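Reviewing the structure listed below.
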Amino acid sequence: MSTPSLLWRELCLFDGLSTLEGPVNLLVADGKVAGLWPSREFPESAALGAIEAGRGGVMTPGLVDCHSHLVYAGNRAGEFEQRLEGVSYAEIAQAGGGILSSVRATRAASEEELVEASLPRLDALLADGVTTLEIKSGYGLSLADELKMLRVARRLGQLRPVRIRTSLLAAHALPPEFAGDSDGYIRLICEAIIPAAAAEGLADAVDVFCEHIGFSPAQCERVFQAAQAHGLAVKAHAEQLSNQGASALTARYRGLSADHIEFLDEAGVQAMAVAGTVAVLLPGAFHTLRETQLPPIELLRQHQVPMAVASDANPGTAPICFPTLNLNLACTLFRLTPREALAGMTAHGARALGLPELGRIAVGATADLCLWDVQQPAELAYAVQPGRLRQRIFNGAITYRKEEAGHAG
């Protein structure tokens, strides 16, 4: 049974890349945007049989969070406190903390426990406008536990009205049982974990952490080759702490995105531009870690590399499940314009997931939409303020109404 047609009137509309001038009327039918008209040109016959769902406000595409580590157990608040008291991240890791702390907790948790722990974080993202979310594994670091995380991520998409994309990030850190044998662990990823994830249909892409504290470019290339042999897209945590040439490597394999990229150089930018690889900016991690090396924003602009913005929601370096805060941070820390930041969490975020049909508002497009109680799109990046989402529309159905949630007024 199809959902009823819905009509919104007198909107200020941001279509994912630009703001449409003047008030707009928008009609949704059968899960798609069925019509867009300047309000003064709207044919009232188009409203016949439609339910008027709203009037006024700013409508954007549903937000696309293209980089998160949402599924994990435990938390690392103690490490946050330690770092503020002067203990270095390396010292924490040497003492068994860091990523391996999350690995221990996640390995010990059942699928049900991981679902229960992850749902509140997911609900926070949805309450701030997310309709499409990427979730990475990477806190399992074994065949069974990586697949467990991916199964949980898939299940979250069944429990909530959200589109989930999954990335296998087994090459996130070296598990303790492979201490001193990183090549052996890469062999396990390539020969066992990737084939199993592909066979079960649990992964949409394969990710790597290419860094001096992660895995070498040569090791990451082996992972990319295994991923592509199993029909999976690739992407990378690249140039976060140093320039390892990971972005150029990712571009060489036509990767969807290179993420973090604080130490990216012009050669890497040029390679990404040629390949169509998206640059994913993660200002929440930059903020939490108090980084000082800025991504090369002007070079990305010059070479017309699309810039996505994502939450990087994770227990260690970005415990932030507030997407519009990341819009603000992208502007204040990286000097993106509000329009660039919002495009980064709509059209460009979708492209970073290999879903270019999402993140835009056009006739025939999937009706993943957000209606905001603001006067202009720039307000979403300008202010850090919860409760501005009036309606969330997923696949043409209203899945959230502010007045029903008790936040009217």
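Numbers here simply count residues along the sequence, with the first being 1. For clarity, every value in this text was computed on a predicted model and none was experimentally measured.
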Item to check | Neighbour count >12 (heavy atoms, 6.0 Å) for atom CZ, Arg351 | outcome: no
Checklist entry - If you round to the nearest 0.5 Å, how far is CG of Asn395 from CG of Leu369? => result 10.0 Å
Next on the checklist: Any donor-acceptor pair under 3.5 Å linking the side-chain atoms of Trp8 with those of Gln391?
Outcome noted: yes
Next on the checklist: I'd like to know if Asp207 and Lys235 make a salt bridge, using a cut-off of under 4.0 Å between side-chain N and carboxylate O.
Outcome noted: no
Item to check | Minimum side-chain heavy-atom gap Leu6-Leu27 below 4.5 Å | outcome: no
Item to check | Spacing of Cys210 atom SG and Leu249 atom CG [to the nearest 0.5 Å] | outcome: 6.5 Å
Checklist entry - Judged by modelled atom types alone, do His348 and Glu340 share a side-chain donor-acceptor pair under 3.5 Å? => result no
Next on the checklist: Using a strict threshold of under 4.0 Å (side-chain N to carboxylate O), is an ion pair present between Asp128 and Arg392?
Outcome noted: no
Next on the checklist: For Phe178, does the six-membered ring have the charged nitrogen or CZ of Arg187 within the cation-pi criterion, i.e. under 6.0 angstrom from the centroid and within 45° of the normal?
Outcome noted: no
Checklist entry - For Ser68 and Glu134, does a side-chain donor sit closer than 3.5 Å to a side-chain acceptor? => result no
Item to check | Separation of Ser247 OG from His260 NE2 (nearest 0.5 Å) | outcome: 11.0 Å
Next on the checklist: Atom CZ of residue position Phe322 - does it have more than 12 heavy atoms of other residues, nucleotides or ligands inside 6.0 Å?
Outcome noted: yes
Checklist entry - Does a donor on one side chain and an acceptor on the other come within less than 3.5 Å for Thr366 and Glu357? => result no
Item to check | Exercise: identify the closest heavy-atom pair between Ala248 and Gly268 | outcome: CB-CA, 4.4 Å
Checklist entry - Got Arg339 and Thr19 here, is their nearest side-chain heavy-atom distance under 4.5 Å? => result yes
Next on the checklist: Whether the side chain of Ser39 engages the backbone of Pro23 through a donor-acceptor N/O pair (distance < 3.5 Å, no angle test) should be reported.
Outcome noted: yes
Next on the checklist: Using only atom types and a distance under 3.5 Å, with no angle test, would you say the side chain of Asn314 pairs donor to acceptor with the backbone of Asp312?
Outcome noted: yes
Item to check | Qualifying residues under side chain to side chain contact (heavy atoms under 4.5 Å, CB included), relative to Ala127, sequence neighbours excluded | outcome: none
Next on the checklist: Let's go through Leu264 and Met272 carefully: what are the C-alpha distance in whole Å and the side-chain angles of both, what is the deciding distance for side-chain contact (heavy atoms from CB on, under 4.5 Å) to 0.1 Å, and is it a yes or a no?
Outcome noted: CA-CA 11 Å; Leu264 178 61; Met272 292 171 67; 3.8 Å; yes
Next on the checklist: Is it the case that over 12 heavy atoms from other parts of the model lie below 6.0 angstrom from the NE2 atom of His287?
Outcome noted: no
Item to check | Glu79 (side chain) donor-acceptor with Arg76 (main chain) under 3.5 angstrom | outcome: no
Item to check | Glu113 side-chain N/O to Ser110 backbone N/O, donor-acceptor pair under 3.5 Å | outcome: yes
Checklist entry - Is there a side-chain contact between Ile135 and His69 (heavy atoms, below 4.5 Å)? => result no
Checklist entry - Between CD1 of Ile164 and CG of Leu156, what distance do you get to the nearest 0.5 Å? => result 6.0 Å
Next on the checklist: Donor-acceptor pair, distance only, cut-off 3.5 Å: does the side chain of Arg388 make one with the backbone of Ala383?
Outcome noted: yes
Using distance only, find each side-chain donor-acceptor pair of residues 137-153 under 3.5 Å and give its atom names and separation, not counting sequence neighbours.
| unit_1 | atom_1 | unit_2 | atom_2 | d |
| --- | --- | --- | --- | --- |
| Ser137 | OG | Glu146 | OE1 | 2.5 |
| Ser137 | OG | Leu169 | N | 2.9 |
| Ser142 | OG | Asp145 | N | 3.2 |
| Ser142 | OG | Asp145 | OD2 | 2.8 |
| Asp145 | OD1 | Lys148 | NZ | 3.1 |
| Glu146 | OE1 | Gly138 | N | 3.3 |
| Glu146 | OE1 | Ala170 | N | 3.3 |
| Glu146 | OE2 | Gly138 | N | 3.1 |
| Glu146 | OE2 | Gly140 | N | 3.0 |
| Glu146 | OE2 | Leu141 | N | 2.8 |
| Lys148 | NZ | Thr106 | O | 2.9 |
| Lys148 | NZ | Arg107 | O | 3.1 |
| Lys148 | NZ | Ala109 | O | 2.6 |
| Arg151 | NE | Glu111 | OE2 | 2.8 |
| Arg151 | NH1 | Glu200 | OE1 | 3.4 |
| Arg151 | NH2 | Glu111 | OE2 | 3.3 |

Next on the checklist: Please check this pair: side chain of Arg121 against backbone of Tyr72, looking for a donor-acceptor N/O pair closer than 3.5 Å.
Outcome noted: yes
Item to check | Tyr400/Phe394 aromatic ring centres below 6.0 Å | outcome: no
Checklist entry - Is any NZ, NE, NH1 or NH2 atom of the basic residue among Glu81 and Arg83 found under 4.0 Å from an Asp or Glu carboxylate oxygen of the other? => result no
Checklist entry - Do Leu13 and Val58 come within less than 4.5 Å of each other through their side chains, counting heavy atoms only? => result no
Next on the checklist: With a 3.5 Å distance limit and no angle check, can you tell me whether Asn25 reaches the backbone of Glu10 through a side-chain donor-acceptor pair?
Outcome noted: yes
Item to check | Criterion side-chain contact (heavy atoms from CB on, under 4.5 Å) on Leu294 and Ile297, from CA distance to verdict | outcome: CA-CA 8 Å; Leu294 290 166; Ile297 301 300; over 6 Å; no
Checklist entry - If we only count heavy atoms from C-beta on, is the Thr132 to Leu353 side-chain gap below 4.5 Å? => result yes
Checklist entry - Heavy-atom count around Glu116 CD within 6.0 Å, excluding the residue itself: above 12? => result no
Item to check | Stepwise side-chain hydrogen bond (donor to acceptor under 3.5 Å, both in side chains) check, Asp65 with Ser311 | outcome: CA-CA 6 Å; Asp65 189 346; Ser311 71; 2.6 Å; yes
Please table the atom pairs, donor to acceptor, closer than 3.5 Å between any side-chain atom in residues 275-282 and protein atoms at least two apart or in another chain.
| unit_1 | atom_1 | unit_2 | atom_2 | d |
| --- | --- | --- | --- | --- |
| Thr277 | OG1 | Gly255 | O | 2.9 |

Checklist entry - How about Ile186 and Cys190: do any of their side-chain heavy atoms sit closer than 4.5 Å? => result yes
Checklist entry - Applying the side chain to side chain contact (heavy atoms under 4.5 Å, CB included) test to Leu63, which of Thr346, Thr131, Leu380 qualifies? => result Thr346
Item to check | Side chain Arg390, main chain Asp373, donor-acceptor under 3.5 Å | outcome: no
Item to check | Side-chain heavy atoms of Leu327 within contact of Pro338, under 4.5 Å | outcome: no
Item to check | Under 3.5 Å donor-acceptor, Gln244 side chain and Ala238 backbone | outcome: no
Checklist entry - What pairs with Asn75 under side chain to side chain contact (heavy atoms under 4.5 Å, CB included), at least two apart in sequence or on another chain? => result Ala77
Item to check | Side chain proximity check, Val384 to Thr324, heavy atoms < 4.5 angstrom | outcome: no
Next on the checklist: Show the nearest heavy-atom pair for residues Ile189 and Pro195, with the distance to one decimal.
Outcome noted: O-CD, 4.0 Å
Item to check | Value rounded to 0.5 Å, distance of CD1 in Ile320 from CG in Leu125 | outcome: 11.5 Å
Checklist outcome for this item: Contacts of Phe263 meeting ring-ring contact (aromatic ring centres under 6.0 Å, His included) (sequence neighbours excluded), chain-then-number -> none
Next on the checklist: I'd like to know if the side chain of Gln228 reaches the main chain of Tyr253, judged simply by a donor and an acceptor atom lying under 3.5 Å from each other, with no hydrogens or angles considered.
Outcome noted: yes
Item to check | Under the side chain to side chain contact (heavy atoms under 4.5 Å, CB included) test, residues paired with Asp123 that sit two or more places apart | outcome: Arg160
Next on the checklist: Side chains of Asp259 and His67 only: does a donor on one sit below 3.5 Å from an acceptor on the other?
Outcome noted: yes
Item to check | Rounded distance [0.5 Å steps], CE in Met59 versus CD1 in Ile361 | outcome: 6.5 Å
